[in-house]
**Student:** 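Mind having a look at this structure? Questions to follow.
By convention here, the first residue in the shown sequence is residue 1.
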Amino acid sequence: MTTSASPGPQGAIDAPLLARTVPVDVSGLDALGSLLDLLPPDHPVSWLRRGEGLVGWGCAAQVRTEGPTRFSDAAKWWEETTARSVVRDEVEEPGTGMVCFGTFAFADEPGDSVLQVPSVVVGRRGDRAWMTVVGRGSLEALEPRLSPAAAPDAPAGVTFADGSLNSEEWMSAVADAVSRIGGADLEKVVLARDLVATADEDVDVRWPLQRLAAAYPMCWTFHVDGMFGATPEMLVRRERGLVTSRVLAGTIRRTGDDERDLALAATLARSSKDLEEHEYAVRSVADALEPHCSSMNVPEAPFVLHLPNVMHLATDVAGVVHDAQTVSSLDLAEALHPSAAVGGTPTPEATALITEIERMDRGRYAGPVGWMDASGDGEWGIALRSGTVDGRSVRLFAGCGIVADSDPEAELAEAQAKFVPVRDSLST
């Protein structure tokens, strides 16, 4: 576990963090543009849906964790950090006061993950908005000021190339998975593939973030430590004793013709293959949340979620938590990860097969990403429709749930459709 923090007076990095949250006039905030327009290039973070949520920048403190204990190590650090902090919160909403943003690896090894406390966080929910400034010294010195940042430059000269596997190799891996499902105690496995984009100069992540937020407003547009995307899937939200999780599994590509897409949605809702895949995912989430809830609501049938490029079978699982004093939203995310939607069923067998035949390190793709406040409330999505930016390079990811009657060519087409959001966000 590696920690770092911005030094205070005389370099005293061990001084407690101070946080001050003040209300912000919504009309004045609107005059500055969208929340993403406020982001400078200094350690930007975001968690936005339909123009609301949180953005931040700067780095007051952070911890990097790895391996099987990456979640618990991060949670322990956050608990110790918030216990020593001094907070003046004039808003008292979920997401005010001390807030951290995190992105966690899918697999235990190497498991590189991070929690970051921004120096500035701006939030909006409905007709309320706020700004939090974090630092060291005195609360009075933390004077909040807002102004729009300089606009990011568009990526130039972007080219795309196959990642770990080309199309034929990946379809072969899908066929291998189908044969394993047919001959073993394995019901579903989720296989991912990657695509590598290279630009002429370093990519400013704020450019694809702005395009993703505009094109996919119903998704959660996120960025933490180089991991960015627009996920349609909420792994877990915990707020004031209530917990919800949006489960997606079962996908069909949209055609752009409204009548044709309505017919395809009806086909998806009746597809035995997709309903089977979806049932596994819902069951895994409900089983993981049940020990933490005094009551739960698990709908009997999914609905069809319409996105610009694809449609998904979706189910919203909800519950009332009984252990909020001891179990945070990050703890719940760890309990849920990996769900059948991103791993498979049974999970141990599925993840072992992923390691064997996927032939790449997913990094933080399909891992939890989101934010948490000092009370433990927060929102953690699954890092889907996503990519990682590193200088001139962007690595894009897409995954598909494979069951006994999956067709490799159809799964390849689905994966290609799931590349579209991030691929298009890199264009001018």
**Student:** Side chains of Arg246 and Leu305: does their closest heavy-atom pair fall under 4.5 Å?
**Tutor:** yes
**Student:** List for me each residue that meets ring pair (Phe, Tyr, Trp, His ring centres under 6.0 Å) alongside Phe397, sequence neighbours excluded, and say none if there are none.
**Tutor:** Tyr365
**Student:** Does any donor atom in the side chain of Ser328 or Asp331 lie under 3.5 Å from an acceptor atom in the other side chain?
**Tutor:** yes
**Student:** Between Arg124 (side chain only) and Gly51 (backbone N and O only), is there a donor and an acceptor less than 3.5 Å apart?
**Tutor:** no
**Student:** Counting heavy atoms not belonging to Asp42, are there more than 12 under 6.0 Å from its CG?
**Tutor:** yes
**Student:** Using atom types as modelled and distance alone, determine if a side-chain donor or acceptor of Asn309 lies under 3.5 Å from a backbone N or O of Lys418.
**Tutor:** no
**Student:** Within the side chain of Arg70, is there an N or O that forms a donor-acceptor pair under 3.5 Å with the backbone of Gly67?
**Tutor:** yes
**Student:** Hey, are Thr132 and Thr21 close enough side-chain-wise for a donor-acceptor pair under 3.5 Å?
**Tutor:** yes
**Student:** Would you say Glu169's side chain and Asn166's backbone share a donor-acceptor pair under 3.5 angstrom?
**Tutor:** yes
**Student:** Thinking salt bridges, do Arg125 and Glu239 make one under a 4.0 Å N-O criterion?
**Tutor:** yes
**Student:** Could you tell me whether a side-chain N or O of His43 sits under 3.5 Å from a main-chain N or O of Pro118, the two making a donor and an acceptor?
**Tutor:** no
**Student:** Within the structure provided, determine whether Met360 and Leu165 are in side-chain contact (heavy-atom separation under 4.5 Å).
**Tutor:** no
**Student:** Is there side-chain contact between Leu332 and Val327, with at least one heavy-atom pair below 4.5 Å?
**Tutor:** yes
**Student:** Does a side-chain heavy-atom distance below 4.5 Å link Leu353 with Ile357?
**Tutor:** yes
**Student:** State, without any angle test, whether Glu93 and Trp130 hold a side-chain donor-acceptor pair at a distance under 3.5 Å.
**Tutor:** no
**Student:** Within this structure, what is the CE-OG1 distance for the pair Met227 and Thr388, rounded to the nearest 0.5 Å?
**Tutor:** 6.0 Å
**Student:** Please round to the nearest 0.5 Å and tell me the distance separating atom CG of Asp274 and atom NE2 of His312.
**Tutor:** 11.0 Å
**Student:** Could you tell me the separation between the OG1 atom of Thr103 and the CZ atom of Arg364, rounded to the nearest 0.5 Å?
**Tutor:** 4.5 Å
**Student:** Taking the side chain as C-beta and beyond, is there a heavy-atom pair between Val133 and Ser119 under 4.5 Å?
**Tutor:** no
**Student:** Indicate yes or no for a side-chain donor-acceptor contact from Ser393 to the backbone of Asp390 under 3.5 Å, with no hydrogens or angles considered.
**Tutor:** no
**Student:** Do Thr96 and Asp89 get their side chains close enough for a donor-acceptor pair, meaning under 3.5 Å?
**Tutor:** yes
**Student:** Distance alone, cut at 3.5 Å: any donor-acceptor contact between the side chains of Ser329 and Trp380?
**Tutor:** yes
**Student:** So which heavy atom on Pro40 is nearest to which on Arg206, and how close?
**Tutor:** O-CD, 3.6 Å
**Student:** For residues Cys293 and Val243, report the shortest heavy-atom separation together with the two atoms involved.
**Tutor:** SG-CG1, 3.7 Å
**Student:** If only side-chain N and O atoms count, and only distance matters, is there a donor-acceptor pair under 3.5 Å linking Gln416 with Arg193?
**Tutor:** yes
**Student:** Would Phe71 and Phe104 count as a close aromatic pair, with their ring centres under 6.0 Å?
**Tutor:** yes
**Student:** Given side chains that start at C-beta, do those of Trp371 and Val45 come closer than 4.5 Å, heavy atoms only?
**Tutor:** no
**Student:** I'd like to check the side chain to side chain contact (heavy atoms under 4.5 Å, CB included) partners of Pro217; sequence neighbours left out, ordered by chain and number.
**Tutor:** none
**Student:** Could you give the distance from OG1 (Thr221) to CZ (Arg49), rounded to the nearest 0.5 Å?
**Tutor:** 10.5 Å
**Student:** Evaluate Leu242 against Val320 for side-chain contact (heavy atoms from CB on, under 4.5 Å), listing each step before the verdict.
**Tutor:** CA-CA 5 Å; Leu242 298 178; Val320 178; 3.9 Å; yes
**Student:** Cut-off 3.5 Å, side chains only: do Ser46 and His223 have a donor facing an acceptor?
**Tutor:** no
**Student:** Heavy atoms only: give me the nearest Gly56-Leu39 pair and the separation to one decimal.
**Tutor:** O-CD2, 3.1 Å
**Student:** Could you go through Val189 and Ile354, starting from their C-alpha distance and side-chain angles, then the distance that decides it, and tell me whether this counts as side-chain contact (heavy atoms from CB on, under 4.5 Å)?
**Tutor:** CA-CA 7 Å; Val189 63; Ile354 288 170; 3.7 Å; yes
**Student:** Checking Arg20 side chain against Gly135 main chain: does a donor-acceptor pair fall under 3.5 Å?
**Tutor:** no
**Student:** Can you establish whether the number of heavy atoms outside Glu201 located under 6.0 Å from its atom CD is more than 12?
**Tutor:** no
**Student:** Which residue is it: Asp204, Asp202, Val205? I am looking for the one with a side-chain contact (heavy atoms from CB on, under 4.5 Å) to Val389.
**Tutor:** Val205
**Student:** Tell me if a side-chain donor or acceptor on His278 pairs with a main-chain N or O of Ala249 at a distance below 3.5 Å.
**Tutor:** yes
**Student:** Would you check if the side chain of Ser406 reaches a backbone N or O of Val403 as a donor-acceptor pair within less than 3.5 Å?
**Tutor:** yes
**Student:** Do you know which two heavy atoms are closest between Cys400 and Trp170, and how far apart they sit?
**Tutor:** SG-CH2, 4.0 Å
**Student:** Side-chain contact test, heavy atoms from C-beta onward, threshold under 4.5 Å: evaluate it for Gln116 versus Val63 and give yes or no.
**Tutor:** no
**Student:** Mind jotting down which residue pairs meet the salt bridge (charged side-chain N to carboxylate O under 4.0 Å, His left out) criterion with at least one end in residues 111-122? Sequence neighbours excluded, please.
**Tutor:** none
**Student:** Tell me whether Arg385 forms a cation-pi arrangement with Tyr216, defined as NZ or CZ under 6.0 Å from the six-membered ring centre and within 45 degrees of its axis.
**Tutor:** no
**Student:** Kindly compute the distance separating OG (Ser386) from CZ (Arg362), expressed to the nearest 0.5 Å.
**Tutor:** 10.5 Å
**Student:** Quick check for you: to the nearest 0.5 Å, what is the distance between Met218 atom CE and Arg50 atom CZ?
**Tutor:** 5.0 Å
**Student:** Verify whether one side chain among Asp37 and Ser34 offers a donor that lies under 3.5 Å from an acceptor in the other.
**Tutor:** yes
**Student:** Would you indicate whether the side-chain heavy atoms of Arg423 and Leu396 approach each other to under 4.5 Å?
**Tutor:** yes
**Student:** Between the side chains of Lys76 and Glu80, is the shortest nitrogen-to-carboxylate-oxygen separation below 4.0 Å, so that they form an ion pair?
**Tutor:** yes
**Student:** What are the two closest non-hydrogen atoms of Thr351 and Pro338, and how far apart are they?
**Tutor:** CG2-CG, 4.1 Å
**Student:** Take Leu35 and Leu29 through the test side-chain contact (heavy atoms from CB on, under 4.5 Å) and record every step on the way to the result.
**Tutor:** CA-CA 8 Å; Leu35 289 180; Leu29 188 62; 3.9 Å; yes
**Student:** Show your working on side-chain contact (heavy atoms from CB on, under 4.5 Å) between Arg136 and Leu17 and close with a plain yes or no.
**Tutor:** CA-CA 5 Å; Arg136 290 174 170 81; Leu17 287 175; 3.1 Å; yes
**Student:** Between Arg237 and Glu379, is there a side-chain N and carboxylate O pair less than 4.0 Å apart?
**Tutor:** yes
**Student:** Is a donor on one side and an acceptor on the other found under 3.5 Å between the side chain of Ser172 and the backbone of Glu168?
**Tutor:** no
**Student:** Exactly one of Asp373, Thr81, Leu18, Val86 should register a side-chain contact (heavy atoms from CB on, under 4.5 Å) with Met98. Which one does?
**Tutor:** Thr81
**Student:** Could you check Lys188 against Glu277 for salt bridge (Lys or Arg N to Asp or Glu O under 4.0 Å), going step by step and ending with a plain yes or no?
**Tutor:** CA-CA 7 Å; Lys188 172 187 172 183; Glu277 179 186 344; 3.6 Å; yes
**Student:** What's the shortest heavy-atom distance between Leu54 and Val121, and which atoms?
**Tutor:** CD2-CG1, 4.1 Å
